[in-house]
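A short write-up of the structure that comes next.
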Amino acid sequence: MDQGGAPPVFSASAEIDGDHLHVVVTGEVDMATADTMLQTALREPAQRITLDLRAVTFFDSAAIHALVRLAQQFAGTLSVLPSRQVRRVLEISGLGDQGWLEPA
């Protein structure tokens, strides 16, 4: 159903600082955009990654899958800053207590 508004804008950008990659994601992360989020995080070689999802408004199972892949690849060095929506989805999916998920 058309709500009459502009579609949410997705973006993913990365900035490297030494061996630390900071990835900022905004908008909806879904089947169409989850791989872009993942590839943005993998584009630069890094030892540590901070995935800033505080501006994410929607997060589906494809996004969860991409996040789990990052958590496996960067075990112990991934830090995720979730939006309220992302945190809720991760809690519902049983991932709310992961060490990489930062507290609110």
Item to complete: Please step through side-chain contact (heavy atoms from CB on, under 4.5 Å) for the pair Gln73 and Arg69, ending with a clear verdict.
Response: CA-CA 6 Å; Gln73 185 157 345; Arg69 286 182 59 193; over 6 Å; no
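- Between Ser79 and Glu102, the side chains place a donor N or O and an acceptor N or O closer than 3.5 Å (distance only, hydrogens not considered).
- Both Val68 and Leu90 are members of a single hydrophobic cluster when ILVMFWY side chains are connected at heavy-atom separations under 4.5 Å.
- Taking the side chain as every heavy atom from C-beta outward, Val29 and Thr36 never approach each other to under 4.5 Å.
- In this structure, Asp35 contributes its side chain and Leu38 its backbone to no donor-acceptor pair below 3.5 Å.
- Atoms CD and CZ, on Glu91 and Arg88 in that order, are 6.5 Å from each other to the nearest 0.5 Å.
- The one candidate from Leu81, Val86, Thr33 that meets the side-chain contact (heavy atoms from CB on, under 4.5 Å) condition with Val56 is Val86.
- Between Ile49 and Thr77, every side-chain heavy-atom pair lies at or beyond the 4.5 Å cut-off.
- Residue pairs meeting the salt bridge (charged side-chain N to carboxylate O under 4.0 Å, His left out) criterion with at least one partner in residues 52-68, sequence neighbours excluded, are Asp52-Arg54.
- Expressed to the nearest 0.5 Å, how far OG of Ser83 lies from CG of Leu53 amounts to 7.0 Å.
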Show me the side-chain donor-acceptor pairs of residues 11-27 shorter than 3.5 Å, one per line, residues at least two apart or across chains.
residue : atom : partner : partner atom : Å
Ser11   : OG   : Thr26   : OG1          : 2.6
His20   : ND1  : Arg48   : NH2          : 3.3
His20   : NE2  : Thr50   : OG1          : 2.7

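- With rounding to the nearest 0.5 angstrom, the CZ atom of Phe59 is 12.5 Å from the CD1 atom of Ile92.
- Taking 4.5 Å as the limit, some side-chain heavy atom of Val80 sits within range of a side-chain heavy atom of Leu67.
- Here the closest non-hydrogen pair linking Phe74 and Gln47 is CD2-O, 4.2 Å.
- In the hydrophobic cluster analysis, where Ile, Leu, Val, Met, Phe, Trp and Tyr join through side-chain heavy atoms closer than 4.5 angstrom, Phe58 is grouped apart from Val89.
- Ala34 and Ala66 make their closest contact through O-CB, 3.9 Å (heavy atoms, listed as atom of the first residue, atom of the second, distance).
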